[in-house]
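One structure is given here, and the rest of the page talks about it.
Counting starts at 1 for both ligands and their atoms, following the listed order. Heads up: numbering here begins at 1 and tracks the sequence.
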Amino acid sequence: AGPTIAAGEILVEIMATDRGMGFLEPQALIGPYPSGAPAIFIDQVARLGGGAGIIGCVGRDDFGTINLERLRRDGVDVSAVAVSDRYPTGSAFVRYRPDGGRDFVYNIAESAAGRISLTEEARRLADGAGHLHVMGSALSISGLKEIIAYAARAVRARGGSTSFDPNVRKELIDGADGAQFSRLVDDADLLLPSGDELLAAAGVDDEGQAVKALIARGVGEIVLKRGAAGSTRFGADGSRIDCAGFLVEEVDPTGAGDCFGATYLTCRRKGMEPAKALFYANAAGARNVTRRGPMEGIAGFDVLDAFIAGTARAA
Ligand code: ADP
């Protein structure tokens with residue numbers, strides 16, 4: 001029992017309206033949209049009716065307000081979000097290349113998001129949580145590493161569970177971070193990698209071997225994200241479920257992985273079977289890429305059911 005919590009960057013995103021190269025020319029931008037992987041994730045949990053809370057830090061400015069109002073409206077506990085008088089809310093500018101690639105300009109480390117720390121409110125939220133979701137990217141912010149170490153201990157002590165999205169290259173983090181990374185993988189009840197991250201987390205270059213190695217290390221279940229191709233769930237018992245992607249027009253891919261992961265987790269926490277949870281997660285990821293703005297496509301079960309009824313899937 002207890003809510004699902006996440007910790008980390010609460011941002012706004014400002015995006016180029018046309019696909020092209022880089023930010024070198026003046027161009028039309030649209031936003032700000034509420035963003036930040038932990039915010040996207042936890043908002044999706046709340047929209048599905050799961051208890052949800054977030055630990056973060058925003059500036060005392062309109063960008064912070066946009067995000068906090070969205071999270072609050074959707075039912076996320078924001079009592080552990082600090083508001084900084086000194087640092088502005090973090091931001092990300094994103095531009096999509098014609099080939100589908102993305103270029104980002106981030107202001108995170110020197111923003112409020114980079115000043116996150118283990119406050120009394122953060123401890124209180126972690127002490128009451130039933131599930132902790134961690135993003136690998138969190139391991140690059142020192143205050144956040146401390147929060148995650150504390151929250152992981154607190155959740156485990158209460159018999160709760162954890163999920164981990166290993167969205168960081170193991171080689172890019174230093175020794176101490178590498179140890180925390182490995183512990184987060186080993187302790188994960190649910191691991192949510194995309195293609196290369198699965199191999200990097202296991203340290204091998206074959207998908208099947210990676211799955212075997214990670215399950216042997218104690219991972220409870222692995223759900224692999226495959227973009228437009230859908231996803232695959234690997235159980236600790238050696239089972240495998242493939243779920244084909246929904247056929248949609250991709251307008252903005254940012255946030256799909258977080259919507260997907262949050263939906264799978266929340267469905268499982270509600271007692272749903274893996275196959276059904278995977279199906280809903282695929283729908284949530286696919287629907288999200290059809291809307292501009294990383295949190296604008298987040299949906300509850302009613303909207304997902306309508307989306308599923310009206311959308312074809314790849315063979
Ligand atoms: P990440 O953002 O973490 O790299 P993905 O891009 O794989 O994750 O997206 C997560 C999930 O969202 C996919 O497994 C799939 O179910 C869904 N999804 C993402 N992009 C598309 C797309 N273009 N068409 C259909 N489904 C998609």
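- A ring-centre distance under 6.0 Å is not found for Y280 and Y264.
- The protein non-hydrogen atom at the shortest distance from atom 22 (C) of ligand 1 is A228 CA, 3.5 Å.
- In this structure, the ring of F104 has its center no less than 6.0 angstrom from the ring center of F23.
- Residue contacts with ligand 1: G227 is included, with a non-hydrogen atom under 4.0 Å away.
- Comment: R240 engages D242 in a salt bridge, judged by a side-chain N to carboxylate O separation of less than 4.0 angstrom.
- Interface of R226 with ligand 1, defined as ligand atoms under 4.0 Å from a residue heavy atom, comprises 7 (O), 14 (O).
- With salt bridges taken as basic N to acidic carboxylate O contacts below 4.0 Å, one links D165 and K225.
- Within the 4.5 Å cutoff, no side-chain heavy atoms of L29 are placed close to those of T17.
- A cation-pi arrangement is present between R115 and Y87, with the terminal nitrogen or guanidinium carbon under 6.0 Å from the aromatic centre and inside a 45° cone about the axis.
- Atoms of ligand 1 lying under 4.0 Å from at least one heavy atom of S194, given by number and element, are 4 (O).
- In this structure, atom 11 (C) of ligand 1 lies nearest to the protein heavy atom F260 CD1, 3.7 Å.
- Linking Ile, Leu, Val, Met, Phe, Trp and Tyr whenever their side-chain heavy atoms come within less than 4.5 Å leaves L48 and I42 in two separate clusters.
- Of all protein heavy atoms, the one lying nearest to atom 12 (O) of ligand 1 is G285 CA, 3.3 Å.
- At least one heavy atom of G230 sits less than 4.0 Å from an atom of ligand 1.
- Near V248, meaning under 4.0 Å from one of its heavy atoms, ligand 1 places the atoms 24 (N), 25 (C).
- R123 forms a cation-pi arrangement with Y150, by the criterion of a distance under 6.0 Å to the ring centre and an angle within 45° of the ring axis.
- Considering backbone and side-chain N/O atoms, S231 never comes within less than 3.5 Å of an N/O atom of ligand 1.
- Put simply, the side chain of S163 does not reach to within 4.5 Å of the side chain of L191, judged on heavy atoms.
- Close contacts of ligand 1 with F246, meaning ligand atoms under 4.0 Å from a residue heavy atom, involve 24 (N), 25 (C).
- With no hydrogens or angles considered, a side-chain donor-acceptor pair links T89 and D61 at under 3.5 Å.
- Contacts of N282 with ligand 1, taken as heavy-atom pairs under 4.0 Å, involve both backbone and side chain.
- Residue E250 approaches ligand 1 through these ligand atoms, each under 4.0 Å from one of its heavy atoms: 20 (N), 22 (C), 23 (N).
- For atom 26 (N) of ligand 1, the closest heavy atom belonging to the protein is A286 CB, 3.5 Å.
- Scanning the protein heavy atoms around atom 1 (P) of ligand 1, the nearest turns out to be G257 CA, 3.8 Å.
- Considering both main-chain and side-chain atoms, D165 never comes within under 3.5 Å of ligand 1 through any nitrogen or oxygen pair.
- A salt bridge is defined here as a Lys NZ or Arg NE, NH1 or NH2 lying under 4.0 Å from an Asp or Glu carboxylate O, and E13 with R292 fails to meet this definition.
- The parts of K225 lying near ligand 1 are both backbone and side chain, judged by heavy-atom distances below 4.0 Å.
- With ligand atoms numbered from 1 in the order given, ligand 1 contributes 9 (O), 10 (C), 12 (O), 19 (C) to contacts under 4.0 Å with heavy atoms of A256.
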